[in-house]
Amino acid sequence: MARILVISPSGEVYDHDNVRWYRHADLQSHINHYHNIGDAFVFDSSLKLLNFETLEELPITSVDPAQIDRFNAEFDYVFLRGSNYVHAGMNWSRTAEVLRRLKLPVLAFGIGAQAPVSGKLELSEDSKTVLKLISDSTASVGVRGTYSAEVMNELGIKNARIIGCPTAFRNNRPDLAIRLPALDSVKQVGVTLRREVSKHYAKDIKRYLTFHRDLVKAMADRFEVTLMSQGEVEEKKLALGTPEQKQEGIAALRENGWAMAWYLDEQMEALYHDRMFYSDVVAGYEQLVRKLDLVLGYRLHGNLMALANGTPSIYFTYDSRTVEFAETFQIPSVDVFGDKPFRLEEYWNQALFDRFNAAYARTYGAMSAFLSENKVDHKMVRPAAATAPSAPPAPEPERKVA
């Protein structure tokens, strides 16, 4: 089996292919620091698709010739954990220098480009160099969707393959399909939260947060909700902190101008106290989504974790990343900046989820073919459905909201 190096692992590995956040047993060591546990979802999911014997991190902040010589002698390939690397502010540190010395193929495992809110994406020369070095080292570059593939093409990288994200395939189910139960049977609903947002991601912060708040409250009024946070400090404290830290979390939210103006109110405070979930362990999220009847909201990988486990999910899109994921997998989605209210009944439509089921099968096949093309030892199969003509798209409702 393979000996693998990984760039940007995002968590510590235990029991061969399971991931949790660093120093998991010592929550207090990082409770005051933000990290996105969704990145660990991708890392964990990547490992679950690969056959490997040894795993080690490839350092990219320093260049040690002796260490690189050892890597060249002892390892088979490197993979770059899928993430949002292709954007104007990306800092690759000394990656280009390291890759020039490394004689191993570097597998881009579902990387993505982030479009700016306005204007054209401008990349640094260092980013262009790193991406070309990766492209030249392997048969193909794995990207998450059409926009990312177009960015690669504009850079002269012609071997991009659209493979989505490993999180979708973490359970290695080529025949996975979402089947909707009767809506009146839905009781347990998870809402994936992303309260912290940048103007570089969302073009209208007021709209983003008020819509977010109204979604949480509407679901809480109708179902037994779990608020699924992924690493914001205040939410983490409210989920797992001491009584004093819970008070610190609420106090910090009350002092946040955006939160107080557009997000936090009496009902939201109560829900934040009583219904918040966070875990430093990827398996904890998987166990949760398997118990839920529906997951919907703002978190790209939190929603995808639900779909990977057969739980229906609806995306709320607000930037190029979330739109690209919804398009790649044909996931029912709501444009946060649209002009119509969200009504769950309009999305509880099996024809819409059949679009996802067909796209999932095709993309599973594309991911499997991508790994095989790059001579990576993996666990995926090539399903017959992936090569069959896709079904015509089902009609879908207007997806704009107010």
Side-chain angles (χ1 to χ4, degrees), residues 34-42 83-84 112 114-115 117 144-145 165 167-168 189-220 223 225-236 238-239 253 256 258-259 261-265 268 271-272 275-279 285 288-289 292 294-308 311-329 331-338 340-344 347 399-402:
Y34 172 78
H35 59 264
N36 180 5
I37 197 68
D39 291 336
F41 293 7
V42 184
S83 190
N84 204 51
Q114 172 70 51
V117 170
R144 68 180 171 218
C165 175
T167 300
V189 173
V191 182
T192 60
L193 305 178
R194 182 172 181 149
R195 173 186 52 81
E196 291 189 348
V197 69
S198 164
K199 291 180 180 178
H200 298 296
Y201 282 69
K203 63 184 180 182
D204 182 341
I205 301 297
K206 178 180 179 181
R207 170 69 176 174
Y208 176 99
L209 286 172
T210 55
F211 189 90
H212 200 336
R213 176 200 64 203
D214 292 347
L215 171 67
V216 171
K217 292 167 65 172
M219 294 300 102
F223 304 106
V225 298
T226 299
L227 306 186
M228 300 168 61
S229 59
Q230 284 188 202
E232 290 95 337
V233 171
E234 292 78 14
E235 283 80 353
K236 187 161 54 174
L238 284 158
L253 288 170
N256 181 297
W258 285 357
W262 303 319
Y263 187 75
L264 197 67
D265 63 17
M268 287 292 284
L271 291 167
Y272 259 50
R275 307 303 302 169
M276 188 66 66
F277 172 87
Y278 172 77
S279 176
Y285 283 86
L288 172 64
V289 299
L292 298 175
L294 166 67
V295 172
L296 75 176
Y298 281 52
R299 280 290 183 175
L300 191 154
H301 293 293
N303 296 342
L304 202 56
M305 175 69 81
L307 290 166
T311 300
S313 185
I314 300 169
Y315 270 56
F316 287 73
T317 61
Y318 55 89
D319 68 352
S320 72
R321 301 170 316 121
T322 49
V323 168
E324 188 173 32
F325 260 83
E327 289 178 346
T328 298
F329 288 106
I331 301 165
S333 61
V334 180
D335 177 5
V336 169
F337 303 116
K340 282 190 177 181
F342 168 65
R343 295 184 179 87
L344 179 57
Y347 294 83
R399 297 191 294 174
K400 296 182 178 179
V401 296

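One-based numbering along the sequence shown.
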Exercise. What orientation do Phe316 and Tyr298 show, parallel under 30°, tilted 30 to 60°, or perpendicular over 60°?
Worked result: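 The arrangement is parallel - the two ring planes meet at less than 30°.
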For this session: Look at the aromatic rings of Tyr278 and Tyr285 and report parallel, tilted or perpendicular, splitting at 30° and 60°.
Result: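 Perpendicular.
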Between [X] (side chain only) and [Y] (backbone N and O only), is there a donor and an acceptor less than 3.5 Å apart?
X: His301; Y: Asp39; value: no
X: Asp319; Y: Thr322; value: yes
X: Ser313; Y: Val295; value: yes
X: Arg207; Y: Gly338; value: yes
X: Thr311; Y: Leu294; value: no
X: Asn36; Y: Gly231; value: no

For a 4.5 angstrom cut-off between non-hydrogen side-chain atoms, does [X] reach [Y]?
X: Tyr347; Y: Val334; result: yes
X: Phe329; Y: Leu307; result: no
X: Cys165; Y: Val42; result: yes

Problem set entry | Check: Arg321/Gln114 side-chain N/O donor and acceptor closer than 3.5 Å | yes
Rounded to the nearest 0.5 Å, what's the gap from [atom1] on [X] to [atom2] on [Y]? Could you check?
X: Glu234; Y: Leu264; atom1: CD; atom2: CG; result: 10.5 Å
X: Asp265; Y: Lys217; atom1: CG; atom2: NZ; result: 3.5 Å
X: Phe223; Y: Leu344; atom1: CZ; atom2: CG; result: 5.5 Å
X: Leu300; Y: Phe325; atom1: CG; atom2: CZ; result: 4.5 Å
X: Met276; Y: Met228; atom1: CE; atom2: CE; result: 11.5 Å
X: Leu304; Y: Tyr315; atom1: CG; atom2: OH; result: 4.0 Å

For this session: Go through the steps to decide whether Asn84 and Arg144 satisfy the test side-chain contact (heavy atoms from CB on, under 4.5 Å), and finish with yes or no.
Result: CA-CA 9 Å; Asn84 204 51; Arg144 68 180 171 218; 2.6 Å; yes
For this session: Could you give me the CA-CA distance, side-chain angles and deciding distance for Arg194 and Gln230, then say whether side-chain contact (heavy atoms from CB on, under 4.5 Å) is met?
Result: CA-CA 8 Å; Arg194 182 172 181 149; Gln230 284 188 202; over 6 Å; no
Which pair of heavy atoms, one from [X] and one from [Y], lies closest together, and at what distance?
X: Arg275; Y: Val225; value: NE-O, 2.6 Å
X: Gly297; Y: Asn303; value: O-ND2, 3.0 Å
X: Thr317; Y: Ser333; value: CG2-CB, 3.9 Å
X: Thr167; Y: Ala308; value: O-CB, 3.3 Å

For this session: Run the ring-centre check on Phe337 versus Phe211 and record whether the distance is less than 6.0 Å.
Result: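 No, the ring of Phe337 stays outside the 6.0 Å limit from the ring of Phe211, centre to centre.
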Exercise. What about Tyr201 and Tyr208, are their ring centers closer than 6.0 Å?
Worked result: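 No, the ring of Tyr201 stays outside the 6.0 Å limit from the ring of Tyr208, centre to centre.
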Exercise. Is the shortest distance from a Lys or Arg side-chain nitrogen in Lys236 or Glu196 to a carboxylate oxygen in the other one below 4.0 Å?
Worked result: no
Exercise. Going by an N to O cut-off under 4.0 Å, is there a salt bridge joining Glu235 and Arg195?
Worked result: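 Salt bridge present between Glu235 and Arg195.
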Exercise. Taking it one step at a time, do Phe342 and Leu215 satisfy side-chain contact (heavy atoms from CB on, under 4.5 Å)?
Worked result: CA-CA 8 Å; Phe342 168 65; Leu215 171 67; 4.1 Å; yes
Problem set entry | Worked check of side-chain contact (heavy atoms from CB on, under 4.5 Å) between Met268 and Val216 | CA-CA 8 Å; Met268 287 292 284; Val216 171; 3.6 Å; yes
